[in-house]
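Only this structure's heavy atoms are used, side chains among them; waters, hydrogens and symmetry mates stay out. Every chain is numbered from 1 and lettered A, B, ... according to where its sequence line falls, protein lines coming before strand lines.
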Number of protein chains: 2
Amino acid sequence: MPTREMFEQFKDHIGKFVKIDEQEFAQIITYFRIRFVDRKENLLEQGQVCNVNYFVLEGLLRKFFINEKGVQQTTEFALENWWMTENFSYLHRTPTEFYVQAVENTRVLSIDRTAYEELLLDHPCMERYFRCVYQKAYAAAQMRVKFIYGHSREELYHQFRQNYPAFIQRVPQFLLASFLGVTPEYLSEIRKKSVS
Amino acid sequence: MPTREMFEQFKDHIGKFVKIDEQEFAQIITYFRIRFVDRKENLLEQGQVCNVNYFVLEGLLRKFFINEKGVQQTTEFALENWWMTENFSYLHRTPTEFYVQAVENTRVLSIDRTAYEELLLDHPCMERYFRCVYQKAYAAAQMRVKFIYGHSREELYHQFRQNYPAFIQRVPQFLLASFLGVTPEYLSEIRKKSVS
DNA sequence: CGGATCGTTGATCAACTTCAACGGTCGTGG
DNA sequence: CCACGACCGTTGAAGTTGATCAACGATCCG
C-alpha cells in the first residue's frame with residue numbers, strides 16, 4: 001500500500017502550477033497507482049499502444065527506438081518529477097515505435113487513459129496542471145530542436161555537460177552518446193580532446 | 001472590425017477538442033484581436049520578451065534564429081490552424097533568441113498574456129482546449145526529434161516531401177533547406193539525385 | 001535595363017561514422 | 001573466491017555525409 005509520504009513530492013509538483021488543498025489531493029492520488037520498475041525492465045515496447053502516463057518519483061527512465069540499422073536510439077530521459085509517455089501513440093491510439101525502459105531501479109506513479117480522463121473531468125485543477133506541464137514540455141522540446149540545429153555534436157556534448165553535470169555522472173556513456181546522436185566512439189574522442 | 005465569419009475556422013478548431021456553444025464562443029473571441037502581417041514582417045524579434053500567442057487563420061509564419069555563423073536557421077513553420085509563439089520566452093519572461101516572421105501575407109488571431117490568463121480563468125473549457133493543443137504539439141515535437149535522429153538529411157527531405165507535398169510547393173527552397181538543417185547547395189544536390 | 005534574389009554546379013574540406021581490435025571492469029556460476 | 005564471459009570505453013585507419021566557397025544563370029521586380 002502506498003503511503004502518504006510517497007506522494008508528497010507529487011503534491012509539491014502539482015503545487016508548482018496550481019493551488020491545491022489537502023483534501024482534494026487525497027482524492028487525486030486515488031486515480032494513480034504506484035509501480036516499481038527494475039533496471040532494464042520495459043514499461044512500453046514497440047508495437048504496443050501506449051495507454052499509460054508515468055510520473056517518475058525516483059530513478060531514471062529512457063525512451064528509445066530501434067533505427068533501420070538495428071541500433072537503439074535514445075530520444076529522451078525522464079528524471080525525478082518528469083512525466084514520461086509516448087504521446088503520439090497515446091493520442092492516436094496507434095502502435096508505438098518506441099520502448100520505455102528503466103535505466104536505474106525506478107519508482108513511478110502511473111495513470112492509465114481511463115483514469116486520466118476521469119481525473120480531468122472530476123478535477124478541473126488537473127486540467128490546468130497538465131496544460132502547464134505540456135506547455136512547458138513543449139517549450140523544452142522546441143529549445144532542444146534549436147540546440148540540435150544550432151550546434152555541432154561536439155558542442156552539444158559540452159552544452160549538455162555544462163547544463164547537467166550531475167546527470168552525466170549518473171548515466172553510462174553509451175546512453176549519453178545515443179541521446180546526443182553520436183556513436184560511442186566519437187563521444188569517446190570528444191571527451192579525450194576536452195581533458196587534454 | 002472583425003466579422004463573425006473570420007472566426008468560424010477558429011471555432012471549428014476549438015470544436016475539435018471541446019464542446020462549445022455559440023454564446024460562449026461569442027464571449028471567447030472578445031479576448032482576441034485580429035492582425036494582418038505582411039510578407040517578411042516580424043511578429044517577434046530577437047531580444048524581445050514574447051508575450052503574445054498567435055493562431056494562424058490564413059497564410060504562413062516561420063520561426064528562426066541566427067546561428068553563430070550569422071545564418072538564419074528555421075526551426076518551425078505555422079500554417080493555417082496552428083498556434084505560433086516562442087514558448088520558452090513566454091513562460092520564463094526572458095528575452096528570446098528567435099524571430100517570428102511571415103513567409104506570406106498572413107492573417108492571425110493574437111492574444112497577449114493578460115488576456116490569455118483571463119480567458120483561461122473565465123472559460124475552463126479553454127484550459128482543456130489548450131491542454132489538448134499543447135499535448136498534441138508536444139507529441140509532434142517529440143516525433144520530430146525521432147525523425148531528425150533516425151534519418152539522414154537526404155531521407156528527411158524525402159520523408160518531408162512525402163508527408164507534405166503541397167507545402168513544398170508553397171515555400172521557397174532555401175527556407176525548406178534551412179528547416180531541414182541543410183545548406184541550400186546540398187538540398188539542390190539531393191533534388192538533382194531524385195529526379196535523375 | 002540593372003540589381004537583387006534564388007537555385008545550381010563543381011572542387012575542396014571538415015565532421016562524424018564505420019569497422020576492427022584491445023583492455024578494463026563487473027557480475028555470475030562453478 | 002576465482003575464472004570466465006559479457007559489457008563498456010578507447011584507439012586508430014579508412015570511408016561517408018554534408019559544409020564551404022566561388023562562380024554562374026535564371027528570374028523577378030522596380
Asker: Are Leu61(B) and Leu44(B) linked, directly or through other ILVMFWY residues, by side chains that come within less than 4.5 angstrom of each other?
Answerer: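 Cluster IDs for Leu61(B) and Leu44(B) match.
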Asker: List for me each residue that meets ring-ring contact (aromatic ring centres under 6.0 Å, His included) alongside Tyr134(B), sequence neighbours excluded, and say none if there are none.
Answerer: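 ring-ring contact (aromatic ring centres under 6.0 Å, His included) check on Tyr134(B) returns nothing, list empty.
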Asker: What residues, two or more places apart in sequence or in another chain, satisfy side-chain hydrogen bond (donor to acceptor under 3.5 Å, both in side chains) together with Asn105(B)?
Answerer: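 Applying side-chain hydrogen bond (donor to acceptor under 3.5 Å, both in side chains) to Asn105(B) gives none.
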Asker: Run the side-chain hydrogen bond (donor to acceptor under 3.5 Å, both in side chains) test against Arg128(B) and tell me which residues pass, sequence neighbours left out.
Answerer: Glu127(A)
Asker: What's the CZ-P distance between Arg191(B) and dG18(D), to the nearest Å?
Answerer: 17 Å
Asker: In this structure, how many angstroms lie between the C1' atom of dG18(D) and the CD1 atom of Ile148(B), rounded?
Answerer: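 One finds 16 Å between C1' of dG18(D) and CD1 of Ile148(B), rounded.
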Asker: When you look at OH of Tyr164(B), are more than 12 heavy atoms from neighbouring residues, nucleotides or ligands closer to it than 6.0 Å?
Answerer: no
Asker: When you get a sec, tell me which of dC16(C), dG18(D), dC6(C) is the closest nucleotide to the side chain of Ser152(B)?
Answerer: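 For the Ser152(B) side chain, the nearest candidate turns out to be dG18(D).
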Asker: Separation of Glu155(A) atom CD from dC16(C) atom C1', in whole Å?
Answerer: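 The answer, rounded to whole Å, is 14 Å.
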Asker: Answer yes if the ring centres of Phe160(A) and Phe179(A) are under 6.0 angstrom apart, and no otherwise.
Answerer: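 So the answer is yes for these two rings.
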Asker: Figure out the CZ/C1' separation between Arg39(A) and dG27(C), and round it to whole Å.
Answerer: 11 Å
Asker: Establish, with yes or no, whether the OP1 or OP2 oxygen of dG10(C) is under 4.0 angstrom from a side-chain nitrogen or oxygen of Lys192(B).
Answerer: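 Yes.
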Asker: Tell me which residues in residues 179-189 of chain A lie within less than 4.0 Å of DNA chain C, going by non-hydrogen atoms.
Answerer: Gly181(A), Val182(A), Thr183(A), Glu185(A), Tyr186(A)
Asker: Starting from C1' on dC8(D), measure out to CD on Gln72(A) and report it in whole angstrom.
Answerer: 14 Å
Asker: Bend across the helix from dC1(C)-dG30(D) to dG30(C)-dC1(D), to 10°, with axes taken over 5 pairs at each end?
Answerer: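 Axis-to-axis angle, ends of the helix: 40°.
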Asker: Whether Lys69(B) contacts dA19(D) is assessed here as follows: a side-chain N or O lying under 4.0 Å from the phosphate OP1 or OP2. Is that the case?
Answerer: no
Asker: Taking for each residue the nucleotide of DNA chain C bearing the nearest heavy atom, is the 5' side occupied by Val171(B) or by His151(A)?
Answerer: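 It is Val171(B) whose nearest nucleotide is closer to the 5' end.
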Asker: Rounded to whole Å, how long is the line connecting atom CZ of Phe174(B) with atom P of dG7(C)?
Answerer: 6 Å
Asker: Taking the six-membered ring for Trp and the full ring for Phe, Tyr or His, determine whether the centres of Phe64(A) and Phe98(A) are under 6.0 Å apart.
Answerer: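 Ring centres of Phe98(A) and Phe64(A) not closer than 6.0 Å.
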Asker: Please pick, from dG9(D), dC16(C), dG10(C), the nucleotide with the shortest atom-to-atom distance to any side-chain atom of Glu154(A).
Answerer: dC16(C)
Asker: Do the non-hydrogen side-chain atoms of Arg35(B) and Leu43(B) ever get within less than 4.5 Å of each other?
Answerer: yes
Asker: Could you tell me which residues satisfy ring-ring contact (aromatic ring centres under 6.0 Å, His included) with Phe17(B), sequence neighbours excluded, listed by chain and number?
Answerer: His13(B), Tyr129(B)
